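Reviewing the structure listed below.
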Amino acid sequence: MSNQSESPNPTSSSNKITLKTSDNEVFEVEEAVAMKFCTVKQYFDDENNNNVTSGTSTTLIPLPNVESHPLAILITYCKKHLEIKANNADNKKEMEIDMEHYEREFLKNVMPQELTELILAANYLNFKEALDFFCRAVASAIQNKSVEYVRKFFGLESDFKPGEEEKLREEFAWSFEGVDED
Amino acid sequence: MSKAKAKAEKKALGRYEELGMKESLPKMYQYPIACKELSFILRLAYNQLPKVLQSLIFQDTLTAFRLLPQMQTCTAASAAHLLYQSAEAALPKQKRNLAITEFKHAMVAHKRRQKACQEERGSAQLPLDVLVHIFSFLDVQSVVSVGLVCWSWNIAASDNHLWQLQYASVFGDSENCLNIKKHQSGRPVEDEEYRHLQEAMTTRTSIDWRGAFIRAYIGNASKNLTSSRGYCVYCGTIVWLNNMKCSDGHQQITPYSPHQVAKYILNDSSNFRCSSDSDSDSDEGSGFILWAYPRDMFLTPTEAFN
């Protein structure tokens, strides 16, 4: 997953874009960061196209489905992402190693409940790299775990009626071997 | 009305009643399949069935729509939508209008309830496509396991594309495996599996990748595992399957798809086509338009839900 076309040079993108979250917080971010959020980019492009004739451009973009908490984390992640990319523009391997290192550290500070919020925000913003990263993180957290562990991890409750779960379990008895201890 | 005809009609009615639509629809996990069966029956059989049975099917269709708000899954909504499309195509004018109104009410109620539910649970609920995305990083055991967390996860974990990926990663490329198998002088078992897939690909019907996976995983012995409906030889009726047995524990089961269930209802009853005496309000054309569809096209709606 490489986007060579982007040139994340911080000096060239001094333009700021303002994002407004559902809880009415305002974030000012560099254009390069905002353009990683495809939903924002789309909005931005549409606005610009509409305003070509009039020459005015609104840079305040409302994000009614995103709260400030996950957005702040996403912006930090995105900045770091661009920075690592810029630092290792000519060495892809180096970049991947840096990225991996950063992502590992990043995950240490994220609670399971936050992860869900982050995924929802990244999904709405259509920020592909982050969405992929968080989904992989969730997947590795629940890989080979018991059903009870996964429920607890996500704070989910079973909505099966009595007997239904047993039925499903029976149906998939062939696959229940070698599950990790919780 | 001839005696033979009356007898055949009674038989069709009996066959339909044995499906137990009324009992199946309120169950969350049977609802989508029951809806699919109903819509196939509407499309394939309705016009050729006796009046009594027609009105029974119509009532069950309305019941299905009324139950929709209670079902909180996307699969239920899409199954109901499929049923709505079939009702629109097959039902005569008056009934069609009733069904459409019922469906629209149900859809509004369903959405309202879903929204309320989401608010209640907070942001914890991930949308289906994201869940599928997450599950695509898991191995088979884990996919099965997360399918037991709750119903919405179960539905995500049953995603057909997900299982196609699993099939490809465990048994090799799903597209190429057919070509490879072609070159192997096959054993009977392999051959059958191969024929099954090949057939599905050439007729462009939907492939049940989870079924294909399980069959390949534990061998051909339990083909019935993934079907939820089947014909029990002992009971002589269509039954819901539980671990490839019928509820009385019989094992002589032929699995039935919703499409086959519709055919079953129609079975040998095609000779009592309703003489359209008082059938003035029925849209004669609608049934025939349907038959004019190429087979592939007709099957695509189901494909989308698998």
Side-chain angles (χ1 to χ4, degrees), chain A residues 22 65-67 69-70 112-124 126 128 131-161 163-180, chain B residues 26-30 71-73 117-118 121-155 157-158 166 170 210 213-215 217-219 221-222 224-228 240-245 247:
Chain A
S22 62
N65 286 339
V66 182
E67 286 192 20
H69 178 66
Q113 199 52 38
E114 276 179 318
L115 211 48
T116 314
E117 270 179 45
L118 286 171
I119 288 178
L120 286 169
N123 187 43
Y124 174 76
N126 202 355
K128 291 213 177 58
L131 184 62
D132 232 47
F133 163 53
F134 297 137
C135 283
R136 263 186 289 124
V138 170
S140 64
I142 59 176
Q143 170 93 295
N144 249 347
K145 298 290 186 209
S146 72
V147 177
E148 291 72 25
Y149 177 89
V150 176
R151 280 195 197 127
K152 229 194 289 167
F153 186 86
F154 279 98
L156 288 168
E157 271 176 41
S158 162
D159 55 358
F160 292 111
K161 292 197 184 78
E164 286 177 355
E165 192 185 331
E166 284 72 35
K167 236 186 223 175
L168 288 169
R169 249 177 216 279
E170 227 174 273
E171 194 180 321
F172 290 106
W174 52 271
S175 75
F176 284 103
E177 274 159 25
V179 174
D180 281 2
Chain B
K27 291 181 189 147
M28 205 175 188
Y29 57 104
Q30 291 180 344
M71 310 288 154
Q72 280 152 30
T73 61
C117 245
Q118 261 166 14
R121 285 187 207 157
S123 57
Q125 282 295 75
L126 292 168
L128 191 76
D129 52 341
V130 176
L131 280 177
V132 173
H133 188 64
I134 294 172
F135 296 168
S136 67
F137 297 111
L138 296 173
D139 62 19
V140 184
Q141 275 82 3
S142 304
V143 170
V144 170
S145 174
V146 295
L148 296 172
V149 168
C150 60
W151 274 118
S152 53
W153 282 45
N154 182 275
I155 284 148
S158 310
Q166 291 288 357
V170 176
R210 183 164 68 173
F213 183 94
I214 297 173
R215 280 195 299 278
Y217 193 87
I218 49 177
S222 40
N224 313 338
L225 245 174
T226 50
S227 268
S228 31
W240 285 103
L241 296 184
N242 176 14
N243 199 16
M244 66 186 269
K245 292 184 197 116
S247 50

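Chain letters run A, B, ... following the sequence lines, proteins first, then strands; residues in each count from 1. All values derive from a computational prediction rather than experimental measurement. Hydrogens, waters and symmetry mates are skipped; everything else that's a heavy atom, side chains included, is used.
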Let me see the working for A:Asp132 and B:His133 under side chain to side chain donor-acceptor pair (under 3.5 Å), right down to the final yes or no.
CA-CA 8 Å; A:Asp132 232 47; B:His133 188 64; 2.8 Å; yes

Interatomic distance, A:Glu148 atom CD to B:Leu148 atom CG [nearest 0.5 angstrom]:
9.0 Å

Would you please test A:Cys135 and B:Phe137 for side chain to side chain contact (heavy atoms under 4.5 Å, CB included) and show each step?
CA-CA 8 Å; A:Cys135 283; B:Phe137 297 111; 3.7 Å; yes

What part of B:Val146 lies closer than 4.5 angstrom to a heavy atom of chain A: side chain, backbone, both or neither?
side chain

Between A:Gln143 (side chain only) and B:Asp139 (backbone N and O only), is there a donor and an acceptor less than 3.5 Å apart?
yes

Rounded to the nearest 0.5 Å, what separates atom CG in B:Leu126 from atom CG in A:Asn123?
8.5 Å

Show the nearest heavy-atom pair for residues B:Trp151 and A:Asp159, with the distance to one decimal.
N-OD1, 2.8 Å

Step by step, would you call A:Leu156 with B:Trp153 a side chain to side chain contact (heavy atoms under 4.5 Å, CB included)?
CA-CA 10 Å; A:Leu156 288 168; B:Trp153 282 45; 3.4 Å; yes

Looking only at atom types and distance, does a side-chain atom of A:Ser158 sit under 3.5 Å from a main-chain N or O of B:Cys150, one as donor and one as acceptor?
no

To the nearest 0.5 Å, how far apart are OG in B:Ser145 and CG in A:Asn144?
8.5 Å

So which part of A:Glu67 gets closer than 4.5 Å to some heavy atom of chain B, the side chain, the backbone, both or neither?
neither

B:Asn154 CG to A:Glu164 CD distance, which is reported to the nearest 0.5 Å:
9.5 Å

